[in-house]
Amino acid sequence: MSDNRKRYRETGAAPLNYVAGLGRGATGFTTRSDIGRPRCPHPRPTSRRRRRPRRRRACADFGAAPAGYVAGGGRGFGGREYTAAEGEEKERLDYSESSYDEFGGYSHSITASDPYEQDDEEADMLWLEVDKRMEERRKQRREVRAQAESERLRVEKPKLQLQFSDLKKQLAGVSVDEWDAIPDIGDHRGRKARPQRYTPVPDSIVLDSVRKELDKSNALDAREQRFGGLASTLAGGAQTPAGTVTDLNQIGAARKTVLNIKLHQVSDSVSGQTVVDPKGYLTDLNSMVVSTDAEIGDIKKARLLLKSVTTTNPGHAPGWIAAARLEEVAGRLAQARKVAAKGCQACPKNPDIWLEAARLQSPQNAKAILAKAVRHIPHAVKVWIQAANLEADATAKKRVLRKALEFVPTSVKLWKAAVELEEPDDARILLSRAVECVPHSVSMWLALAKLETYENARRVLNKARETIPTDARIWITAAKLEEANGNEEGVKLIINRSVKSLSANGVIIDREQWLKEAEEAERSGFVSTCQAIVRETIGIGVEEEDRKSTWMDDAESCLAHGCVQTARAIYGHALSLFPGKKSVWLRSAYLEKNHGTKDSLDATLKKAVAYCPQAEILWLMAAKEKWLAGDVDASRTILTEAFRANPDSEQIWLAAVKLESENHEQDRARQLLAKARERAGTDRVWMKSAALERELGNDAEARAILDEAIKKFPQFPKLWMMRGQVDEKSNPEAARAIYQRGLINCPQCVPLWLCTAALEERQSAMKARSLLEKARLKNPKNQELWLAAIEVELRAGNAKIAQTLLAKAIQDCPTGGLLWAQAVWMEPRPKQKSKSVDALKRCDNDPHVIVAVATVFWQDRKVDKARSWLNRAVVLNPDLGDTWAYFYKFEKQQGTEQSLAELVARCVRTDPRHGRYWTRVRKAPENARLKTDEVLKLVAASLPHP
């Protein structure tokens, strides 16, 4: 047995004939490794086995030989096969674990029966190349993984030398004196702690200690009996025979009493301020957030650094302030106060350290600290202001500030603070003294002028101009004073003199700054001062050829800031220099229309047409404003004057015709059109003549006018469209012939192709399909033609063909908003959101796409989102009537009566003119007399979606 133990200790091998569990009655077992591999009862066949083909990639990916691989077979070497005898020879060899050595392997060679030939060597070389290639493929990933692991370890467990690398760099700038001034930190050598070992105490020592305790207790008992039971009297409880007190309730009461005494001492440590709540002390201890080890370590490092700063340079006040705030953050308020107090002693002339010390104290103590501060630095304005702020009584504040002004009479801050606390009469007296002490303060002069009467204020401002001749605010205040007292001429004179005086004193007149002053004057209600500033300074520093464009930009900027009077003054000054500029008059007229009154607009337009009689748009604008105001006779008078100034103007003729037609004066409108065809026979005049006859139901006269107009203007497509529409109901064949002639003369007109296709679709969808295809050849990349072809297929019930056409159309017009909107609507409900995302990526600011997205939200009952998207669509293109119609339909279903009325009012103000459905309804002869709100309702009813 001893030999087995020795063998086990030396080699770690089991004893000989050892069977696991045999001593407990278990039965030993044997495994396949104990008895070796079984012998095959049948020898292997000598014929070549059919190998199952494998993928060639297995060799490169996993290091395995390809299926059917024969080493050297590709170079003419024949594959070697084992015979049955050789197989039996291998099977007789022992390959169990007992014959395997950890370092030497098996005692015999596994391939001993096979000679190592050249093809085997080539196969081994091939496998080595495979292993090398796989190693190269994995090398990069392994390096990236190793680098990431090293970075993670560097962040989680940084080395000590990396933590102090920045501090080591700073040591390069330490001087010899600073090195000598570093205090000695004492003996902090890191000694390795010895491992604690537990050694049982012998019984003899334990018994001896117990005997000594018993002797000591007996001696105490004897002394207690001698002095009359002192311990019993103090404890007030029962005693054991050994003399120990056993009343635990009294012990707990004593502890509670001691704790209360300590808490009261802490609570009264600061006079007049309770620092600790005795009742909630333990609760607060439980609710405290314990800082992490990292935060504690950072605080310790910062404390050490700041201690070094205050030690090496005690006169540096920011170091003391930082140290005090560090202790405050760490929760050591008492220590922070001590540090601040030391800083005040070290830096008595620095006001910041005194203010920091006062901030850390209670209000009463802070007053005492600031009192000491003003004795050391009586000229520190910040200290005086803080001392005044600590006073709760206004009288005390006044007393502190007046005391401060005795020491620092030239401080503007102190004077302002003192004046703010006084009544107007006392403030005026203080300001009178203030302008004597600080005559360079413009704000003091202006404040005094505001408190004085008109005559005294003029004297104060005149004296201020003499004292400070380079400040423009004094002049502007003087102008405002004159305007407030009704002296308009004095305002102009003061602003004029101010520019000259400031220039004479070397002040550069900044035009931008003066315009800001003009805007500020307008906001304050001083319009005359604003206009005077603009007149005197708007042209300073502007080249003569750039004046008009620069001033127009200035006016637009003022309007953007909401300063209408400033913009009006700029336009007025520009018109005084450029009275014949139509664009300036037009901008001024639009300003009056949007922000002025009817009278101001009337006056502006009268001046405009007087200075620019050839500007047709000004005449038309004046006539339209009179017509909208209900004064038809005045509008006719203006148009009559416009005829005299512009006898051959097409716009004025058509405006006169529209005025008469809207007021149901059809005969006068016909006469005007007849004269217009003679005097200004343009294509639009002929078209309007035919349109008027169609509205009145005179198709024969309309045909005659259109036939004559087509002869004169064969390239005007609207004439062909109107001529075909007149014959569509009565004679479709004649209409088709007209359209064909029109397409020959106007092959690039898309609406004409659409009209022809609509006529053909009524008889045969195939003809319309071929016609639209021809139109796309003539007009490539046109989304309206593609959309018309898709709608033809949808109406014919060919949904798949329509989807195919839509795909081709999007490829041909990738940014076509009409096509993307149709694509969203043609998708099933679950797929509409994803299609909407694709549409927004291609054309995110197209109103048709925005409307399509809004309809998706509309169908999902997301009312707020749908409303916001529809509002965005009408803002993007207010002239598109279809978006207004969709918005109206939505508000009619989901909105209130108030929201619907507001939307209709917005649409009427905008007066849209375009849109596929809008123009279809608007241009219909039966709808010629309808107003915008009525057209909106009809278009909303004809919309196909949602």
Side-chain angles (χ1 to χ4, degrees), residues 531 535 538-539 544-556 559 564 567-663 665 668-689 911:
Q531 295 174 350
R535 282 193 299 269
I538 192 66
E544 186 174 355
E545 60 271 10
D546 297 334
R547 286 186 299 177
K548 176 177 173 293
S549 59
T550 303
W551 292 345
M552 295 301 102
D553 294 339
D554 292 338
E556 294 296 330
L559 287 176
V564 179
R568 183 179 286 118
I570 294 174
Y571 284 136
H573 182 72
L575 290 173
S576 64
L577 297 179
F578 307 107
K581 293 292 184 180
K582 179 184 69 174
S583 59
V584 182
W585 282 109
L586 193 60
R587 287 172 181 262
S588 180
Y590 279 123
L591 172 67
E592 300 298 336
K593 181 179 180 181
N594 296 327
H595 304 284
T597 61
K598 291 183 179 180
D599 295 336
S600 62
L601 177 60
D602 242 359
T604 302
L605 289 174
K606 284 182 180 179
K607 292 180 181 179
V609 296
Y611 281 104
C612 304
Q614 307 301 324
E616 302 172 357
I617 187 171
L618 294 175
W619 289 104
L620 296 176
M621 192 173 179
K624 185 176 181 180
E625 293 299 327
K626 289 293 184 182
W627 175 37
L628 293 177
D631 194 353
V632 181
D633 295 334
S635 180
R636 288 191 183 120
T637 302
I638 292 174
L639 289 175
T640 302
E641 295 177 359
F643 280 131
R644 295 172 185 166
N646 304 277
D648 299 329
S649 174
E650 173 192 291
Q651 293 185 357
I652 295 177
W653 280 106
L654 294 181
V657 170
K658 184 177 182 180
L659 176 65
E660 302 298 342
S661 176
E662 293 290 340
N663 289 280
E665 297 288 344
R668 300 184 66 173
R670 283 179 177 175
Q671 294 176 3
L672 287 173
L673 284 171
K675 293 181 180 179
R677 289 197 298 271
E678 295 176 0
R679 301 284 299 274
T682 62
D683 50 4
R684 294 188 69 245
V685 171
W686 284 93
M687 182 189 68
K688 291 294 183 180
S689 301
D911 193 17

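Side-chain atoms are counted along with the backbone in the values below, which use heavy atoms only and exclude waters and symmetry mates.
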*Salt-bridge test for K593 and E625: reply yes if a basic N is under 4.0 Å from a carboxylate O, no otherwise.*
yes
*Taking atom CD1 of I652 and atom CG of L620, what is their separation to the nearest 0.5 Å?*
6.0 Å
*Can you name the nearest heavy-atom pair linking A555 to A567, along with the distance?*
O-CB, 3.7 Å
*asked:* To the nearest 0.5 Å, what is the distance between CG on L628 and NZ on K598?
replied: 9.0 Å
*Do L673 and W653 have side chains that get closer than 4.5 Å, going by heavy atoms?*
no
*Is F643 atom CZ crowded by more than 12 heavy atoms from other residues, nucleotides or ligands, each under 6.0 Å away?*
yes
*Cation-pi between R677 and W686: NZ/CZ under 6.0 Å from ring centre and within 45° of the ring axis?*
yes
_Please report the interatomic distance CG(L672) to CG(L654), rounded to the nearest 0.5 Å._
10.5 Å
_Using every non-hydrogen atom in the two residues, find where A622 and L605 come nearest and quote the distance to one decimal._
CA-CD1, 3.6 Å
_What I'd like to find out is whether the side chain of L639 reaches to under 4.5 Å of the side chain of W619, using heavy atoms alone._
no
*Going by heavy atoms in the side chains, are L577 and W551 under 4.5 Å from each other?*
yes
Could you tabulate the donor-acceptor pairs under 3.5 Å formed by side-chain atoms of residues 578-590, not counting sequence neighbours?
{"from": "S583", "atom 1": "OG", "to": "K548", "atom 2": "NZ", "distance (Å)": "3.2"}
{"from": "W585", "atom 1": "NE1", "to": "P579", "atom 2": "O", "distance (Å)": "2.6"}
{"from": "R587", "atom 1": "NH1", "to": "E556", "atom 2": "OE2", "distance (Å)": "3.0"}

*How long is the span from the CZ atom in R568 to the NE2 atom in H595, to the nearest 0.5 Å?*
9.0 Å
_Using modelled atom types and a 3.5 Å cut-off, is there a donor and acceptor pairing between side-chain atoms of N646 and backbone atoms of P613?_
yes
*Crowded around I617 CD1? As in, over 12 foreign heavy atoms under 6.0 Å?*
no
_CD (E545) with more than 12 external heavy atoms under 6.0 Å_ = yes
_T604 side chain reached by L591 side chain, heavy atoms, under 4.5 Å_ = no
_Reported CD-to-NZ distance for the pair E650 and K688, which is rounded to 0.5 angstrom_ = 9.5 Å
*Might you point out which heavy atoms bring V564 and L559 nearest each other, and give the distance in Å?*
CA-CD2, 4.3 Å
*So, the side chain of T550 versus the backbone of D546: is there a donor-acceptor pair under 3.5 Å, distance only?*
yes
Show me the side-chain donor-acceptor pairs of residues 629-638 shorter than 3.5 Å, one per line, residues at least two apart or across chains.
{"from": "D631", "atom 1": "OD1", "to": "A634", "atom 2": "N", "distance (Å)": "3.2"}
{"from": "D633", "atom 1": "OD1", "to": "R636", "atom 2": "NH1", "distance (Å)": "3.4"}
{"from": "S635", "atom 1": "OG", "to": "A623", "atom 2": "O", "distance (Å)": "3.0"}
{"from": "R636", "atom 1": "NE", "to": "E660", "atom 2": "OE2", "distance (Å)": "2.8"}
{"from": "R636", "atom 1": "NH2", "to": "E660", "atom 2": "OE1", "distance (Å)": "3.1"}
{"from": "T637", "atom 1": "OG1", "to": "D633", "atom 2": "O", "distance (Å)": "2.9"}

*asked:* Distance check, rounded to the nearest 0.5 Å: K607 atom NZ versus D602 atom CG?
replied: 12.0 Å
